[in-house]
Each structure stands twice: as C-alpha cells, then as structure tokens.
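Worksheet: the structure to be examined is printed underneath.
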Amino acid sequence: MSDAKTTREDEGQPGNFVADRVRADLAADAKQGRLVTRFPPEPNGYLHIGHAKSICLNFGLAALAPQGQCNLRFDDTNPEVESPEYVEAIRRDIRWLGFDWGDNEFYASDYFQQLYDWAEQLVEKGLAYVDSRSLEEIRETRGDFHRPGVDSPHRDRSVAENLDLLRKMKAGELPEGSAVLRAKIDMQSKDLKLRDPLMYRIKKVHHHRTGDAWNIYPMYDWAHGQSDAIEGVTYSVCSLEFVNHRPLYNWFLKALEIPNPPEQIEFGRLNLSYTVLSKRKLLQLVEEKHVAGWDDPRMPTVAGMRRRGFTPESIRAFADRIGVSKNDGVVDVGHLEYALREHLNETSPRVMGVLRPLELVITNWPEGKVFEAELDNLPGNESAGTRKVPFGGRVFVEQDDFLEEAPKKWWRLAPGNEVRLRGAALVTVNEVVKDDAGQVVQLKCTWDPASEGGNAADGRKVRGTIHWVSAEHAVDAEVRLYDRLFADEDPSKDFLDALNPDSLEVLTGCKLEPSVGAMEPGTRVQLERIGYFVTDSEDHQPGGPAVLNRTITLKDSWAKLAKKMGVGGK
RNA sequence: UCCGGUGUCGUCCAAUGGCAGGACAGCGGACUUUGAAUCCGCGAAUCAUGGUUCGAAUCCAUGCGCCGGAGCCA
C-alpha cells in the first residue's frame, strides 16, 4: 500500500512498443476509430503463463480507448487435436485472470464457409490452384534455404479444372493426401513461406463444432488473417515465430482486396527460467503422468497456478512488469515469485501452523489455564482486524526451530535460550527429552508468568519469536509442499531429465491453528514464518480433512545466513 | 550457407540524436512480537570496429553473437 506502488499503478498504462503504436494510430485516427485486438488460442491444450502474458497484452491494448475491444477467438482449424474440454478450460482461465470478452467470442470454424468462398475467388483470379501430388513431392519441390523451389506441374491448370478439383475436395470425393489447394505466389522466393503455401488440406475428420460438414480444413495462414479481417481486428498481435508469416498474411489480404486490413504485430513470447512453456511438453507431462494433471499445482498452466494459490492480480502485475518487446529473452522466475509474494503479503490473513511438530511443555504453566492470544490478521493493516488463538501449557513448535547446539546468531529455541512464542509467552528450554534413538521428542520449558502476551514486564529484549499451535486445540492437516517442477534453470532440452525430484513433498500430521479447519476450499493464508498456502480446491473440506498446498515460501534470510556460515538448521 | 528478427546491468524493460534510468536478483545497514514485510544505502550494462555529428545506445558501414524459418501444426 505504499505511495510508490500506488503511483506505479496509477501510471499503469502499458508502456511498450505495441501500445505506443496503438496510441499513435489513435491520435492520428489511422484506423477509422476502431480498436480491436484478439486472443486466438487453439483449443488443444490448457493456457499457461505465457498465454497469460498475451492475454494481458491484448486486453490491455483494447483498454487503451473506450471503444476498444478484445475478441476471444478459438483457432479451431485442426479438428484432430482440438476438443471442447479445452474450450471450456480456456474460457474459465481467461475469466479467472480477470478479463471479459463480452459477446465477442468467436471461432475460426464459424468462418469456414466465407473462407471457402474466398478460396474460390482466388482460384478464379488465378491466384490459387489445386496440386494433386503427394506430400513428399510437394515437400521436395519446395526447395530449401539454398535452393529455390520448382513449380508444380499443376501450377497452370485452368480455372475451370481448379474449381472442379477444389469442389471435389470439398465434397469428399478425393482421398486424404491426394490434393491440396495452394496459393500461387512464387516458388523462387527467398521467403519459403511464399513458395506457394498450402491453403487447404483434405481431412475427413469430425470437427467438434462443424461436425462432418467439411472434408477440407484451412491451414493457419489461410484462416488467421481472414478471420481477423472478418472480425474487424485492427491489431493482430502474435509472437515472434510468426514474423516470417507476415508477408503471407498481407498477401492474402491484398489478394482478397480487403479494405482497412488488420495489421500483424509480433512480440517476444514469454520464456521463464525453471519452466517449460511448450504445449507439446506440457501435454507430455500430463499424459505420461509426471504430474497429476493440467491443474497440478506445479504446472505453469493457469489452472495449475490457480490451484497452487496464485492470485490473478499477481499474474497481471508480473505481466505488466516484465514488459513487451521483440527480444527473445528468458525471464527469471524470481520476477514471478516476487509479484506473487507482493500480492499475497498484502492480502493473505496470517495464521499459525506447525509442519513438523515438536511438543513443548511448559512445566510451570498453571494447570488448566488457557490464554487467548490476540493476533493481527494482517499486520500493518488494522482494518483486517485481529483473531484470538488459544494457548495452553502444551503446544507444538516447529522441529526446525530447535537446535540443541545453537550456532552464532541463532535466536530460536536452544537449551537455556529465551524465546517468544508469538503473542503468548516467553519461554526457556530447560530439558530436552529424547527417545531411544536419540531423537528429540519433547522440550520442557518454563515460562515467565509476567510475559503473558509475549512481552517481558521488565522490558528486556527477546530477539527470537517463533510460531506455535496449542496441542489441545490443533487441527490436523495434510500439507503439500510444492517446489519448482524443474531443477535446471533451462530445462528446455532434456526436460524430463531436468525434473526436480523434490518438487512435491507431502506432510501429514501437521498441526494448524483451529480456524483453518473451517475454511472453504481455495482460501489463501500465510502460515507465519513459513510461507503462503491455499486450502486445496479438490481435497480440502471445511470441518473435514484439512489439505493445504504451499503456494510459495516466505523469503528466508536465516537460511541464507546459515548457508554462508556453513551451519545447519532451517 | 539463404531469408527474417534481435543484441542495453546477472535477469526483464526504458531512454525515439542531448545527464544511460526503473524493476527483480545480489551485497551492506536500520527496524521488527513473522530472520517476513518495510525503510536506507551500494555495486552492476550500451556486442565489436570504423564513420557521420558540437554531441551516438540511437544514424551509416563492416563484422560477430543469439533466435526463428524448409508441417498437409498453430
């Protein structure tokens, strides 16, 4: 809530080269007052953080003017790999991210007839022809980076013959693979995309929206720009790998004499360290069960991040902050984590929970006494109020918060070390109880009866403050500790080998503050001194089993210090 | 090797011929009933070479690096 942040958000207009261009066009009224963008997913996989960047960009651009509009268009031109399940998931994820496309939901398949009519037009103009050769022959005669292509023997078929053949393709009278429709451009072009690109291929495949109406389906290049044109899109924003397609994009629009054609603008798609963002790889992780599904909390999918406990705000802030450019860089995942912690810190109520319990008994605690500690729900934000947490003479503390031999600068539990149990009492360990194996199983302490609430009556300073949960009142929980899915900063090559073997640790018998047991699924909290958690959307039930997912740890400067000093402990 | 894109602190993004700036990360300190947050401070970059210019990250030339392109995928 600092002024600095407020200022940043007020300035919040996207400052990037695409927005600059849109603003310039707006100022010059270069687009007849129109401002239309679109987000065009293919429904063949779940949306991921890279898509989120694109969504933020496209909806953000549309928000640059009151008349701005961002369409959701499903690019469903390849029915073999697409399905309604993905359509649903995509809609859900965009909505969750906080964007609204209103009535502007479209499908490339809605335009199949228009596309086909246009194709016949191009044939009639002598700008397209049916090539009746095999895939192999077409590939071989396309040439390569060094050799020009060779004209197809069918390149100069008559308009009548082409039309007849195209209609036969459409009618399903020709077998798959026997013919394609090609744009007649230039087999000698240095730009391979312009060497008579394919417009239609025969696929006798059921489409999830058009059923069996079509035996031919348009290729991306033939469908995309024309779909943009039909929708009146002004800026067709796509990622860098499509730069090579722009001449073709423009060629089709020109050949069809589309007035005020859409304009393709490319930007660098997101790459994130310790993450893979390729649909193929994500699909493989799901299908081979390296993760539990598309919404596994370790996945960089929007669904996974949601289940992990991310907030839409943090994802949007991340997208704003990394900016948009034509550089093909790799954003350190630390940027994302920072945005996450930043928002969670402002919004997640604090509760206490002990992941690996160690019993602590206060030997001089009055028999039967229960003290109600009053703690801030959101320190620094009084409007969030306080809560009462019961404290008895027997509590659980974190095993990591006790060290029998305290290193330098260790302010937590150790024999003879006075420590504050947050909001409750000052205690000192007198006796360490071990089992036969030598494991510490209990700490016997005394407390300063004048320290109720956690402050010493004489004002002496106690540096260490630790969290606790009353044994008598604790709620048992399962806690899933998620970590990065990949151990390598760049997992792109052998990504399966790069999987982090410790990306999930499931803890049972964790002890939580009683209030957590009543929480609804999908509730975010901070477990003080540990990290941010969310009650699992599938497995947590209020009053039933408590299941928490760790969203992200708190920053841990002790761990850093300890590492530097070469000592153990948390 | 051909075509296209792109080179600015460790990372991401600005600077649109006029003081190279911000964020993240790092480091140091203050504060702290979360070793969190917050606050203060520090270090850190124009791919190279030549040219134009009073002045170049920016314009020109040459070279180099990285990314993409030869699917009936999107």
Side-chain angles (χ1 to χ4, degrees), chain A residues 2 8 15-17 20 40-42 44 75-78 80-82 131 134-135 138-140 142-149 176-177 179-182 189-195 198-203 216-217 219-221 223-224 238-247 266 268 270 273 279-280 318 321-339 341-342 345-346 350 352 373 375-376 379-380 409-412 420-424 426 453-455 462-467 526-531 553-562 570:
Chain A
S2 70
R8 195 161 57 222
N16 60 64
F17 76 100
D20 290 348
E42 183 186 17
N44 70 338
D75 222 338
D76 55 350
T77 58
N78 185 6
E80 276 166 330
V81 295
E82 297 156 5
D131 197 337
S134 70
L135 189 155
I138 290 176
R139 183 185 298 147
E140 276 163 22
R142 184 149 36 217
D144 59 29
F145 299 151
H146 312 292
R147 290 194 338 267
E176 287 189 17
V180 293
L181 184 71
R182 290 230 245 173
S189 175
K190 297 265 192 198
D191 179 354
L192 304 216
K193 293 280 180 246
L194 259 21
R195 316 241 264 229
L198 272 55
M199 294 167 65
Y200 278 106
R201 71 288 218 198
I202 302 171
K203 267 183 200 279
I216 57 174
Y217 290 95
M219 299 290 291
Y220 167 85
D221 287 302
H224 205 90
C238 64
S239 49
L240 245 29
E241 63 268 33
F242 291 97
V243 171
N244 296 317
H245 296 240
R246 182 157 21 100
E266 312 85 12
L270 174 67
S273 63
K279 274 191 183 178
R280 197 206 98 231
F318 166 72
R321 234 166 276 171
I322 58 171
V324 177
S325 75
K326 296 187 79 161
N327 290 340
D328 186 23
V330 181
V331 176
D332 194 296
V333 73
H335 282 101
L336 214 210
E337 296 174 344
Y338 177 83
R341 287 192 179 101
E342 178 182 51
N345 178 50
E346 292 167 1
R350 313 286 122 119
M352 291 194 287
L375 292 164
D376 289 338
K409 296 190 177 176
W410 175 262
W411 312 326
R412 284 121 90 155
R420 176 164 34 243
L421 297 178
R422 177 148 218 227
L426 262 17
N455 271 326
V462 174
R463 193 115 198 229
T465 301
I466 64 170
H467 59 278
Q526 183 199 96
L527 254 36
E528 291 205 66
R529 301 210 310 129
I530 303 177
T553 60
L554 248 33
K555 277 174 61 179
D556 187 350
S557 62
W558 165 252
K560 201 183 283 183
L561 215 207
K570 185 176 165 186

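On a predicted model such as this, the values are computed, not experimentally measured, just so you know. Lettering of chains follows the sequences in order, A, B, ..., and the numbering in each one begins at 1.
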Q | Minimum-distance nucleotide (side-chain atoms of A:V331 versus B:U34, B:C72, B:C12) | A | B:C12
Q: Could you tell me whether A:R420 contacts a base, only the sugar-phosphate backbone, or nothing, with contacts defined as non-hydrogen atoms closer than 4.0 Å?
A: base
Q.
Pairing check on B:C27: which nucleotide meets the Watson-Crick or G-U wobble criteria with it, both distances under 3.5 Å?
A. B:G41
Q | Donor-acceptor pair present, A:H467 side chain and B:A36 base, under 3.5 Å | A | no
Q.
Please give the distance between the P atoms of B:C13 and B:G7 as a whole number of Å.
A. 9 Å
Q: Looking only at side-chain atoms of A:L192, point me to the closest of B:A70, B:C73, B:C13.
A: B:A70
(Q) Nearest to the side chain of A:W558, heavy atoms from C-beta on, is which of B:G5, B:A74, B:G35? (A) B:G35
Q) So what does A:H245 hit on the nucleic acid, given a heavy-atom distance under 4.0 Å: a base, only sugar-phosphate, or nothing? A) base
**Q.** Any side-chain heavy-atom pair of A:T553 and A:I530 under 4.5 Å
**A.** no
Q | Main-chain N/O of A:G334 paired with A:D332 side-chain donor or acceptor, under 3.5 Å | A | yes
Q. Can any side-chain N or O of A:R420 pair as donor or acceptor with the backbone N or O of A:G454 at less than 3.5 Å?
A. yes
Q) Reckon A:K409 touches a base, only the sugar-phosphate, or nothing at all at heavy-atom distances under 4.0 Å? A) base
Q) Are any side-chain N or O atoms of A:D144 and backbone N or O atoms of A:R147, one a donor and one an acceptor, separated by less than 3.5 Å? A) yes
Q.
Counting the atoms with a prime plus P, OP1 and OP2 as sugar-phosphate, which does A:I466 contact under 4.0 Å by heavy atoms, base, sugar-phosphate, or nothing?
A. nothing
Q: Searching all strands shown, indicate the nucleotide that pairs with B:U6 (Watson-Crick or G-U wobble; both distances under 3.5 Å).
A: B:G65
Q) Which part of the nucleic acid, if any, lies within contact of A:T553, taking any heavy atom under 4.0 Å across all strands shown: a base, the sugar-phosphate backbone alone, or nothing? A) nothing
Q | Sidechain-backbone polar pair: A:S239 side chain, A:E241 backbone, donor-acceptor under 3.5 Å | A | no
(Q) Does A:Y217 reach a base, just sugar-phosphate, or nothing at all? Heavy atoms under 4.0 Å. (A) nothing
(Q) Within the 4.0 Å heavy-atom criterion, would you say A:D144 contacts the bases, only the backbone, or no part of the nucleic acid? (A) base
(Q) Starting the side chain at C-beta, find the nucleotide from B:A36, B:A74, B:C13 nearest to A:S557. (A) B:A36
Q: Over all heavy atoms of both residues, which pair between A:E82 and A:T77 is shortest? Give the atoms and the distance, please.
A: OE2-N, 3.4 Å
Q. Which part of the nucleic acid, if any, lies within contact of A:P379, taking any heavy atom under 4.0 Å across all strands shown: a base, the sugar-phosphate backbone alone, or nothing?
A. base
Q. Is B:G71 in the syn or the anti form, by the rule that syn lies within 90° of 0?
A. syn
Q | Among B:A25, B:U34, B:G5, the one nearest A:K555 by side-chain distance | A | B:A25
Q: Name the nucleic acid region contacted by A:M352, choosing base, sugar-phosphate or nothing; use a 4.0 angstrom heavy-atom cut-off, strictly under.
A: nothing
(Q) Partner lookup for B:U58, please. Criteria are Watson-Crick or G-U wobble with both distances under 3.5 angstrom; report none if nothing qualifies. (A) none
Q | Sugar-phosphate, base or nothing in reach of A:N455, heavy atoms under 4.0 Å | A | base
Q) For the side chain of A:N16, counting heavy atoms from C-beta on, which of B:A14, B:C2, B:A70 is nearest? A) B:A14
Q. Is it the case that more than 12 heavy atoms not belonging to A:K326 sit under 6.0 Å from its NZ atom?
A. yes
Q) What nucleic acid atoms does A:S273 come within less than 4.0 Å of, heavy atoms only: base, sugar-phosphate, or nothing? A) nothing
Q.
Counting the atoms with a prime plus P, OP1 and OP2 as sugar-phosphate, which does A:G329 contact under 4.0 Å by heavy atoms, base, sugar-phosphate, or nothing?
A. sugar-phosphate
Q: Ignoring hydrogens and angles, answer whether the base of B:G68 and the side-chain atoms of A:N244 contain a donor-acceptor pair closer than 3.5 Å.
A: yes
**Q.** Nucleotide nearest A:Y338 (side chain, heavy atoms from C-beta), chosen from B:A74, B:C67, B:C24
**A.** B:C24
Q) Does a distance-only test, which skips hydrogens and angles, find a donor-acceptor pair under 3.5 Å between the side chain of A:R412 and the base of B:G35? A) yes
Q.
Considering every strand and a 4.0 Å limit on heavy-atom distances, what is the contact class for A:V81: base, sugar-phosphate, or nothing?
A. nothing
Q) Base, sugar-phosphate alone, or nothing: which one does A:L554 contact when heavy atoms must sit under 4.0 Å apart? A) base
**Q.** Any strand: nucleotide that pairs with B:A15 via Watson-Crick or wobble, under 3.5 Å
**A.** none
